[in-house]
Each structure stands twice: as C-alpha cells, then as structure tokens.
Amino acid sequence: MTSLATIETRPAAAFRGRVLVVGNFLSGRGTVARQVCEELAERLAATGVETITTSSKTGRTERMIDMAATAWKRRRDYDVAQVDVFSGRSFLWAEAVCAVARMAGKPYILTLHGGALPKFFAKWPRRATRLLRGAAAVTVPSGYLLEQLQSYHDRLTLTPNAIEVGRYGYRQRTSPEATLVWLRSFHRIYNPELAPRVVALLKDEFPDVRLTMTGPDKDGSLKSVKAEAWRLSVEDRIRYVGAIPKEQVPEAMAAGDIYLNTTNVDNMPVTLLEAMACGTCVVSTDVGGVPHIVTHEGNGLLAPACNAEAMAAAVRRLLIEKGLAGRISAAGRRTAEQYDWSAILPRWNELFEQAIREAQS
C-alpha cells in the first residue's frame with residue numbers, strides 16, 4: 001500500500017506558466033458531480049496561473065471535438081497541457097488531444113482516472129503504452145492505480161485527489177446514531193441497491209435507522225433502488241435528494257453519522273475524504289483503491305463487495321462498540337487533512353514547471 005506518508009513533500013514553488021486543463025467541466029449543468037480537473041483549474045487560477053479549460057460541451061462527440069480544437073486553436077496561449085484519461089470511449093479524447101498537442105509542440109501531463117482503467121489497459125495495451133509514452137509525466141491519484149499500471153509506464157507519479165478540508169465542519173462521532181448517508185451517482189458500478197439491503201438488515205435492531213441517498217441518476221439505477229426498498233419494506237426509511245452542487249456536499253455528509261460506500265468498482269473516491277473530513281464514520285466495500293485510503297478498524301470499516309450482511313455488521317459495530325466510532329471518526333479527519341489542497345497543489349506546480357523546462361531544453 002502506498003500512502004502520502006511515504007511520498008516526499010516539497011515546499012511550494014512559484015509557478016507562473018500557462019496551463020491548458022482538459023477534462024469534463026460539466027458540473028455547472030447541475031446533474032454531474034464536480035470533477036477533480038475543475039477543482040485543479042480553479043486552484044491554479046486562484047494562485048495566478050493563466051488557465052484555459054475544456055470542455056463543457058454535453059455531447060460526448062461534441063466535447064471531444066471541442067477539446068481537440070481548443071488544444072490547437074489556443075496553442076499559443078498555453079505552455080503545458082494537463083489531460084484526464086478515462087477508460088472506454090472517453091479514452092478517445094485523450095488520444096485526440098495528445099495528438100494535437102504533439103503537432104503543436106506542446107508538452108502534456110496525463111492523469112489516469114477510474115477503477116476500470118486497469119482492465120481497459122489490459123484489453124488495449126498498445127494504445128495505452130503509445131499514449132503514455134509521449135507524455136512529459138503521467139500521474140495517478142491512488143496507490144491502487146500506481147500498482148496496477150506501473151508496467152505501462154516506468155515513472156508514474158502519485159498525485160492524489162485533494163479537497164479543501166477547511167470547508168468541512170468536523171464533529172467527532174463518539175456516540176453515533178443510526179443515520180446513514182450515501183452520496184454517489186446512481187449507477188450500477190456503485191451498486192446503490194446494496195444500501196437499502198443494509199437498512200433492511202438493521203431495522204429490527206435499530207428501529208430509528210434512516211438513510212439519505214444523494215446523487216444524480218446516471219443509468220436508471222434510482223428506479224431499481226426504489227423498487228428494492230419497496231420489496232424490503234424500508235421505503236419509508238430512505239430519503240432521495242438527487243444531485244446537489246459541490247458546495248452542499250459538506251452539509252449533506254455532516255447530516256449523517258455513518259457514510260455507506262457500496263461501490264463495486266472504484267479508484268480514489270473523493271467522497272471518502274469528504275466524509276472523513278466531516279468526522280462521518282466510513283463503512284465501505286474493499287474494492288479497487290479504497291483500501292489505499294481506508295484502513296480497516298483504523299479510519300473506517302471495510303466489507304466485501306455485494307455483501308449486505310458484512311456491511312450491516314460493520315454499521316452495527318459502530319453503533320454498539322464503545323469507543324470504536326470515536327476513534328474512527330478522529331482518524332478519518334487526520335487522514336483527510338493529508339489530502340488538503342495546500343499539500344497537493346505544490347506537486348502539480350512542480351510537474352508543470354518540470355514539463356515546460358524539459359520541453360525547452
């Protein structure tokens with residue numbers, strides 16, 4: 001396992017280069033969670049870095065065209081590009097943008113995202129290797145992707161996703177109530193149907209158990225979740241909020257004492273850090289990069305994927321074991337503080353500066 005404690009942290013360096021940030025800038029539409037690239041672009045601009053962003057186009061093809069066109073048309077306006085890389089059809093935009101950047105003679109830094117990326121790289125190894133080979137640097141947000149993808153590039157750099165910890169009010173959960181929160185997109189890879197099953201297993205012992213599920217419906221999974229809740233007779237214990245803007249996430253997390261992360265596939269979910277920052281106790285499946293953030297019985301509790309009984313048992317432990325929730329809540333906050341933007345942004349500045357310096361040499 002790779003942790004922030006094992007990575008050298010350097011003091012912030014002054015950086016005044018010009019950066020093109022390429023990714024999904026869609027949160028302004030109100031139905032998509034705020035992406036890491038949006039936070040990065042905002043942070044760079046706030047520190048005086050001239051920043052260009054692309055793209056906020058909603059259609060997948062339209063967005064890819066806009067990204068590539070911006071990389072070419074604005075080639076005299078940026079010194080280095082940062083390009084998000086996802087699996088599936090989204091991989092095409094990275095290939096297109098990087099091809100344009102090479103034609104323009106611009107260095108680019110790739111950031112690999114998503115728990116499904118190892119399978120995608122295994123299916124398309126030549127495409128993956130070709131894309132990574134041309135990059136000035138390749139970053140990964142988690143120790144999980146670092147381990148899984150190091151065979152495709154010999155110098156992967158761990159640059160974790162970050163949050164502004166100060167936005168999240170902390171309350172230590174020393175005596176938690178059975179108030180559960182779930183905050184992701186309703187999508188089958190996040191297995192949201194597991195959440196009402198957990199509630200059903202807890203309702204007899206904890207009659208006051210309640211669950212709030214927050215997030216946009218991406219593939220029709222919300223309907224399936226409601227049907228499962230009705231089948232298990234827990235529909236009156238679950239509240240559905242829908243998509244919320246980023247600034248409301250701290251309040252949503254703080255409203256519960258226990259955060260359920262039911263996912264089947266994951267890399268480095270920022271929602272775990274957000275829950276920890278609030279002091280909300282984390283109960284998560286142990287998939288993908290989650291164990292690189294959550295230490296079982298340290299700063300959270302882990303359960304096997306698709307196992308409602310194990311997840312319900314973990315919740316039960318937090319509710320009845322004296323001292324357990326308080327320790328996990330406090331440890332979670334300490335973990336979140338390691339991922340504050342004040343610690344992570346200097347790493348980005350150094351990567352950008354190095355990429356520009358090497359391109360000019």
Side-chain angles (χ1 to χ4, degrees), residues 24 26-35 58 167-169 171 173 176-266 269-285 287 290 303 305-309 311-312 314-316 318-319:
N24 286 321
L26 302 174
S27 66
R29 305 291 179 175
T31 59
V32 179
R34 187 168 172 83
Q35 300 293 299
T58 53
R167 290 181 178 176
Y168 301 82
R171 176 171 59 86
R173 270 56 169 192
E177 297 180 357
T179 52
L180 316 180
V181 292
W182 183 98
L183 199 160
R184 299 300 294 262
S185 295
F186 284 87
H187 190 287
R188 62 182 179 277
I189 66 171
Y190 299 134
N191 195 11
E193 293 177 24
L194 184 61
R197 293 171 193 155
V198 171
V199 174
L201 291 169
L202 294 168
K203 66 177 182 179
D204 291 338
E205 186 175 0
F206 305 99
D208 293 333
V209 63
R210 294 292 184 271
L211 168 67
T212 300
M213 301 189 75
T214 302
D217 188 7
K218 302 294 289 185
D219 65 352
S221 291
L222 177 57
K223 182 178 179 179
S224 299
V225 170
K226 290 182 176 180
E228 185 70 357
W230 181 85
R231 184 184 70 84
L232 296 168
S233 300
V234 294
E235 67 273 15
D236 60 332
R237 299 171 182 270
I238 303 177
R239 184 169 68 99
Y240 305 96
V241 176
I244 60 173
K246 183 71 172 179
E247 56 268 21
Q248 292 181 15
V249 169
E251 182 181 354
M253 284 294 190
D257 286 347
I258 298 171
Y259 175 63
L260 297 183
N261 186 47
T262 58
T263 184
N264 290 336
V265 179
D266 231 326
V270 171
T271 50
L272 290 181
L273 299 178
E274 292 175 317
M276 290 178 177
C278 292
T280 307
C281 298
V282 169
V283 174
S284 176
T285 51
V287 302
V290 171
C306 301
N307 193 324
E309 290 77 12
M311 185 161 275
V315 172
R316 182 178 185 275
L318 290 169
L319 295 174

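Sequence positions, counted from 1, serve as the residue numbers for this chain.
Two residues are said to be in side-chain contact when any heavy atoms from C-beta on lie closer than 4.5 Å; Val283 and Asn261 fail this criterion. Taking the side chain as every heavy atom from C-beta outward, Phe186 and Val225 approach each other to under 4.5 Å. When side chains are defined from C-beta on, Pro192 does not count as touching Arg184, because their heavy atoms never get closer than 4.5 Å. In this structure the side chain of Thr271 reaches within 4.5 angstrom of the side chain of Tyr259, judged on heavy atoms. Arg210 is not listed as a side-chain neighbour of Arg239, based on a closest heavy-atom distance of 4.5 Å or more. Contact annotation: the side chain of Met311 approaches that of Thr285 to within less than 4.5 Å [non-hydrogen atoms, C-beta and beyond]. The shortest side-chain heavy-atom distance between Leu260 and Leu180 falls under the 4.5 Å cut-off. Looking only at side-chain heavy atoms (C-beta outward), Ser233 and Lys203 come within less than 4.5 Å of each other.
Within the 3.5 Å criterion, the main-chain N or O of Leu222 finds no donor-acceptor partner in the side chain of Tyr240. Put simply, the side chain of Thr262 gets close to the backbone of Tyr190: a donor and an acceptor are under 3.5 Å apart. With hydrogens and angles ignored, the 3.5 Å screen pairs a side-chain donor or acceptor of Arg173 with a backbone N or O of Gly256. At least one donor-acceptor pair under 3.5 Å links the side chain of Thr280 to the backbone N or O of Met253. Listed for the Asp257 side chain is a donor-acceptor partner under 3.5 Å among the backbone atoms of Glu177. Here the side chain of Thr263 pairs a donor or acceptor atom with the backbone of Val265 at under 3.5 angstrom.
To the nearest 0.5 Å, atoms CZ (Arg237) and CZ (Phe206) are separated by 12.0 Å. In this structure, CG in Asn307 is found 8.0 Å from CG in Leu194, a value given to the nearest 0.5 Å. Atom CG in Asn191 sits 5.0 Å away from atom SG in Cys306 (nearest 0.5 Å). Interatomic distance, Glu235 CD to Lys226 NZ, rounded to the nearest 0.5 Å: 11.5 Å.
When every heavy atom of Ser221 is checked against every heavy atom of Asp219, the shortest pair comes out as OG-OD1, 2.5 Å. Here the shortest heavy-atom pairing between Ala305 and Asn264 reads CB-OD1, 3.9 Å. The two atoms that bring Ser284 and Val290 nearest to each other are OG-CG1, 3.4 Å, heavy atoms only. Annotation for Ser185 and Lys218: closest pair CB-CG, 3.4 Å, computed over non-hydrogen atoms.
Lys246 and Glu274 are joined by a salt bridge, as a carboxylate oxygen and a charged side-chain nitrogen come within less than 4.0 angstrom of each other.
The number of heavy atoms from other shown groups lying within 6.0 Å of CD (Glu251) does not exceed 12.
For the side chain to side chain contact (heavy atoms under 4.5 Å, CB included) criterion with Val209, the lone passing option out of Thr179, Val199, Val234 is Val199. Just one residue in the list Ile238, Ile258, Leu202 forms a side chain to side chain contact (heavy atoms under 4.5 Å, CB included) with Leu211, and that residue is Ile238.
Side-chain contact, Thr212 with Trp182: no donor N or O sits under 3.5 Å from an acceptor N or O.
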